[in-house]
Amino acid sequence: MQQFAVVATHSISQPESEAGSATAVVQLVDAAGTALMPPVQVYGNSLPAVVAELEASRRPRWVFDSVHDWYPGLLSAGVRIERVHDLGLVRAILRNAPYAEPGGYIDSVRALADPSTAAPAHLLPPARVSENQGELFSEPKDQAGALENVLEEFRAQRAAVPETERGARLGLLLAAESAGALIGAEMTHAGVPWDVAEHHRLLAEALGERVPAGVRPPRMEELAAQLRALLDAPGLNPDSPAELLKAMNRAGIAVSNTRAWELTEIKHPVIEPLLAYKKIARLATANGYAWVDRWVHEGRFRPEYIVGGVVTGRWASHGGGALQIPHQVRSAVRADAGKVLVVADAAQLEPRILAALSRDDALATAARGQDLYQGIADAGFGGDRAHAKIAMLGAMYGATTGESGRLMPKLKATYPRAVGLVEWAAAQGEAGAPVATYLGRGTPEVPAAWRQAKSRASSESEQRAVETEGRSRGRFTRNFIVQGTAAEWALCWMGELRRRLNAGRTAGIETGELVFFLHDEIMLHVPAEQAETVVELVHASARAASELLFGQIPVDFPVTAVVVDSYDQAK
DNA sequence: GTACATCGCGCG
DNA sequence: AAAGCGCGCGATGTAC
């Protein structure tokens, strides 16, 4: 029998509350929400002990208002849990889920303020019982009330998932999203192993000796002096695009902005040192000494992951720009002695997802094997891989002009189902209609401003603005179904991998830890002797994820997994 | 002083 | 070489 351990926390209590008064209450219930034993009162800082005891004896699915708020404290106390249902994450998905059972709960959730326009969580005061819950349920006056609120929402969420094939998919999404919350917190807890000495070495190599904050590093200062001389602009601050643009125009360089890629087109002596300056200036400001001081502690970089933080279901992150670690500094991501990094990524995930979504057998055939773009090239682009790739990316992103636009008719003739699906999604968006991922994550409602402008636009210029916005919405919905379903595949991949790692750990094998995730790429920090075992688990998890989502279909989702000492050695 | 917009560039 | 999608973040500059 499936058991759930519902955790309710009092509105004013946080994990570090004083001993003496109950800070939380835990209730074990069955799938119908019926109590299986008397509620357990949690006093002071004893939540980890209570959770550890129940986890060991019952293996329940835990029900938390927010894993992001509560799991870090448990991890710090050495307590891990296997399965969870995160009320907040589930609420956010159900809000826009087209397959959700209509009813009072869904209506009330949809009536809540749009979370995508709310302030970021880290800028808000400490959470109450649950974000937004004050609007859903009356503020609880005691523990019993808090517990009843959580139980009621839990029951309502379960009831909102219909017992249909689509409902089963939605249920999988909710479970995967919740598991993701555990994984995100566990990755933050583990941290990415970071070699500060190596990072300092590469900074010194590029920028020159370290100087105090606020002083321009030596190599940048040298280049700045060259730029001032070449542009005959003695006071120029090259960090200011406006100043730089003026100085370049004065020197007779006809540009309208200072973007690096546009500068490469221009023939002028200043371009080379300017591009060199931009390159190292970026390193210095984004991932320089200040970054290391601020974000790396005890040899670990610990970004916070915001599960479902992107509209499509991708993860966002907070702190240190974790999702943009430049290739330039990846040599500083280095395994501890005796350990290695296992770096794995799903090859060309999005077009493969499109093949699965659209059941396009021709595209599935091209996707057989490691290089999908070469497969497309051989099928219809005279073996020209570059053209095949541009065409495919254009189809998924909505390119209409240039190379990509010209290649579209050919792509559509070769893969009518795949291209037809993304064109349908774009048409939905242009019409102001929603679309959904394979597992049922729906697009947010259309911004009210556009909806109103659509019905009111009178002048020709207003009409044009509305149409431009519509095409933009179409590109968004076109990409949403692909990017969002790819995010679901990746979530299932990690979830499957986590289960296997945990099973290994239970069996006494130190399988190491997931330490980093980036859309279609994962990194593990593992004992060297377990590397090959973990590589196998990574592959097995990818196969399991593909089948979990799509069942038996003729689309391959190959992953590459390499064993390295440092991140720069991967691909 | 804070808040916000813009530019530019890093990642998938 | 970017374009067409999705992000985070630092420096600068302006408004209040």
Out of [options], whichever nucleotide has its closest atom nearest the side chain of [X]:
| X | options | result |
| --- | --- | --- |
| Gln483(A) | dG13(C), dC5(C), dG10(C) | dC5(C) |
| Arg294(A) | dC9(B), dG10(C), dG12(B) | dG10(C) |
| Glu403(A) | dA2(C), dG4(C), dG12(B) | dA2(C) |
| Leu518(A) | dC9(B), dG12(B), dC5(C) | dG12(B) |
| Thr285(A) | dA11(C), dG4(C), dC11(B) | dA11(C) |
| Glu521(A) | dC7(C), dG12(B), dG10(C) | dG12(B) |

| said: Could you tell me how far dA1(C) sits from dC9(B) if I compare only their P atoms? Round to whole Å. | reply: 15 Å

Separation of [X] atom [atom1] from [N] atom [atom2], in whole Å?
| X | N | atom1 | atom2 | value |
| --- | --- | --- | --- | --- |
| Met392(A) | dC5(C) | CE | P | 16 Å |
| Met220(A) | dG10(C) | CE | C1' | 12 Å |
| Asn479(A) | dA3(C) | CG | P | 16 Å |
| Gln324(A) | dC7(C) | CD | C1' | 8 Å |
| Tyr277(A) | dG8(B) | OH | P | 14 Å |
| Leu244(A) | dT6(B) | CG | P | 20 Å |

| query | Is the shortest side-chain N/O distance from His519(A) to OP1 or OP2 of dG8(C) below 4.0 Å? | reply | no

| Between dG8(B) and Thr258(A), is there an OP1 or OP2 to side-chain N/O distance shorter than 4.0 Å? |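 Answer yes for this pair, as a side-chain N or O of Thr258(A) is under 4.0 Å from OP1 or OP2.
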
| request: Apply the ring pair (Phe, Tyr, Trp, His ring centres under 6.0 Å) test between Phe301(A) and each candidate in Tyr567(A), Trp291(A), Trp295(A); give the one that qualifies. | output: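 Passing option: Trp291(A).
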
| said: Quick check against the 3.5 Å criterion: does Asp345(A) have a side-chain atom that pairs as donor or acceptor with the backbone of Glu521(A)? | reply: no

| Short side-chain to backbone donor-acceptor contact, Asp384(A) and Ala388(A), under 3.5 Å | no

| said: At 4.0 Å (heavy atoms only), tell me whether Ala286(A) reaches a base, stays on the sugar-phosphate, or touches nothing. | reply: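 Result for Ala286(A) = nothing.
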
| said: We want to know whether Glu496(A) and Ser541(A) form a side-chain donor-acceptor pair, criterion being a heavy-atom distance below 3.5 angstrom. | reply: no

| query | Would Asp86(A) and Tyr71(A) count as having a side-chain donor-acceptor pair, cut-off 3.5 Å? | reply | no

| query | Mapping Asn237(A) and Trp261(A) onto DNA chain C by nearest heavy atom, which one lands closer to the 5' end? | reply | Trp261(A)

